[in-house]
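Since the structure comes first, as structure tokens, the remarks are kept for the end.
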Amino acid sequence: MLASGLNGITLRVNGRDHELAVAANVTLLEALRENLGLTGTKEGCGHGDCGACIVLMDGHAVNACLVLAVDASGRDIVTIEGLAEGGQLHPLQQAFLDKGAVQCGFCSSGMMLSAKALLDANPDADAELIRRELSGVLCRCGTYPRVIEAVLSVENGINRSGGEG
Amino acid sequence: MQRIRPFGYHEPSTLREAAELLLAYRENARILAGGTDLLVLMRRLKVANAVLINIKRIPGLEGVTRHDDGRVEIGALTTVNILESLPHPGCAVLRAASRVLGTRSVRNRATIGGNVGRASPASDLSSPLITLNAEACVYGPLGERLVPMSRLFLGPGRPDLGVGELITGFRIPAQPEARGWYLKAGRTCGSDCAQAGVAVQLHLDGYHIREARVSLTAVGPTPLPAPQTEAVLRGALAGPEVFAQAALVAADEARPLTDFRASADYRRVLIKTLTVAALTTAYTGECTCSHQA
């Protein structure tokens with residue numbers, strides 16, 4: 001702990017290291033949005049129920065509202081801003097666009113990052129498994145069927161519907 | 001969104017330091033493991049003057065060890081997602097419970113030590129551990145001791161731990177020829193706590209039930225061992241008749257309350273239904289369907 005009562009941490013976000021000084025009660029979600037300006041991670045319920053704040057930590061989906069920033073120090077964090085590479089949308093992002101799986105967009109980052117973690121571990125996930133693994137992300141617009149469709153279209157890392165929409 | 005109020009914070013690097021901090025801060029001390037429950041409580045302002053003791057810098061509290069003789073040891077900081085694929089045939093009951101605890105992102109973070117140590121009557125992992133005759137490994141100022149899971153709980157939120165004591169892991173004895181399962185019902189298939197749950201473990205001798213262990217979730221002040229239900233099953237010929245009989249006794253043995261999740265009456269009905277289903281699945285083999293109850 002630093003003399004100020006703050007904790008010095010290193011957040012590795014989307015491949016870049018950030019040195020921060022944060023109080024112990026600051027969540028990873030707050031550090032991402034307020035210290036780093038990465039507002040693609042959404043602030044929903046704050047209780048781990050809605051999934052809007054899901055990010056990947058060492059490849060696993062976690063609720064950023066339930067992780068203290070001090071606990072994320074040294075871990076590899078991926079937010080929605082880290083999905084696209086070299087100006088190219090990630091196949092999941094393209095599929096969400098193609099299938100119209102985004103309405104208001106509030107759940108989309110949690111949906112896509114949850115789907116990425118699932119497909120990275122299980123490229124052949126069927127609709128049932130996708131439904132189960134994404135059940136921690138709530139969509140108040142009701143885009144679920146299109147989300148499932150979009151994720152199914154990206155299996156094996158290939159956006160099979162690429163460019164159609 | 002309500003922010004989490006400032007709190008005292010420590011990261012001990014040894015169990016001894018953790019015990020000293022627990023002794024120093026007494027009732028204000030809270031162990032931070034996965035945080036999926038504690039940080040929600042903190043945000044809801046249900047924990048005042050808290051001093052968080054983050055035990056994740058203490059080495060050796062994570063992971064599953066299987067011994068040659070079939071015993072399994074699970075570190076307190078082992079996350080629930082690891083338990084979902086526990087490679088141990090006798091531990092299906094714990095595997096099943098791990099798969100229906102919360103959501104994916106919660107299971108990636110929540111720990112077995114936190115789920116048990118919180119002493120919630122709705123803990124999904126405590127009833128399975130009770131049916132596995134597991135013991136909690138407890139470290140404290142006076143040294144280490146083992147507490148049978150069936151005697152770990154005094155009441156809601158009250159584990160039987162002394163000042164300065166913390167749970168470091170769990171020991172599960174070998175489970176030869178045992179088959180178990182866990183089923184729960186919730187208001188949704190997603191992240192809600194159980195309205196009721198049933199853990200069963202059958203030790204079989206051919207078609208006969210040599211020994212049975214049953215424990216009930218969210219229908220009493222603590223995870224609830226069900227000795228009368230076990231007595232019905234013990235020595236019986238496995239099958240629908242004795243399973244139905246056991247379910248009636250389990251519904252009677254439950255001590256449910258009415259709350260916003262379910263009425264006491266409904267919880268009894270759930271226990272009856274879940275007991276038959278859990279016993280049937282345990283006996284006939286691990287369910288491959290992904291959804292339960």
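Throughout, protein chains are lettered first and strands after them, A, B, ... in sequence-line order, and every chain is numbered starting at 1.
- Heavy-atom distances place both the backbone and the side chain of A:Leu68 under 4.5 Å from chain B.
- The main-chain N or O of A:Cys65 is found under 3.5 Å from a side-chain atom of B:Arg43 such that the two form a donor-acceptor pair.
- Surrounding CZ of B:Arg187 are more than 12 heavy atoms belonging to other residues, nucleotides or ligands, all under 6.0 Å away.
- A salt bridge does not link B:Arg99 to A:Glu133: none of the charged nitrogens lies less than 4.0 Å from a carboxylate oxygen.
- Contact annotation for B:Arg57: only side-chain heavy atoms (C-beta onward) come within less than 4.5 Å of a heavy atom of chain A.
- Of the listed residues (A:Asn63, A:Leu138, A:Val62, A:Val26), the one with the most heavy-atom contacts under 4.5 Å to chain B is A:Asn63.
- In this structure, CZ in A:Arg132 is found 8.0 Å from CZ in B:Arg104, a value given to the nearest 0.5 Å.
- With hydrogens and angles disregarded, a donor-acceptor distance shorter than 3.5 Å links the side chain of A:Asn25 to the backbone of B:Ile4.
- With values rounded to the nearest 0.5 angstrom, A:Met57 atom CE is found 11.5 Å from B:Ser105 atom OG.
- No side-chain heavy atom of B:Arg109 sits less than 4.5 Å from a side-chain heavy atom of A:Leu66.
- Counting heavy atoms of neighbouring residues, nucleotides and ligands inside a 6.0 Å radius, atom CZ of A:Arg33 exceeds 12 of them.
- By the salt bridge (Lys or Arg N to Asp or Glu O under 4.0 Å) test, B:Asp37 is found to be paired with B:Arg118, residues two or more places apart in sequence or in another chain being considered.
- Across all non-hydrogen atoms, the minimal contact from B:Phe7 to A:Ala24 is CZ-O, 3.3 Å.
- When heavy atoms are compared at a cutoff of 4.5 Å, A:Val137 does not approach chain B at all.
- Side-chain atoms of B:Leu32 and A:Asp71, non-hydrogen and from C-beta on, do get closer than 4.5 Å to each other.
- Using a 4.5 Å cut-off between heavy atoms, B:Leu41 makes no contact with chain A at all.
- Considering OG1 of B:Thr103 and CD1 of A:Ile54, their distance stands at 6.5 Å, rounded to 0.5 Å.
- Ranked by non-hydrogen atom pairs under 4.5 Å with chain B, the options A:Gly51, A:Ala61, A:Gly136 are led by A:Ala61.
- For the atom pair B:Gln2 CD and A:Cys45 SG, the distance stands at 13.5 Å (nearest 0.5 Å).
- Counting heavy-atom neighbours within 6.0 Å of B:Tyr266 OH, excluding the residue itself, gives a total of 12 or less.
- Side-chain contact annotation: B:Arg44 with A:His47, donor-acceptor N/O pair under 3.5 Å present.
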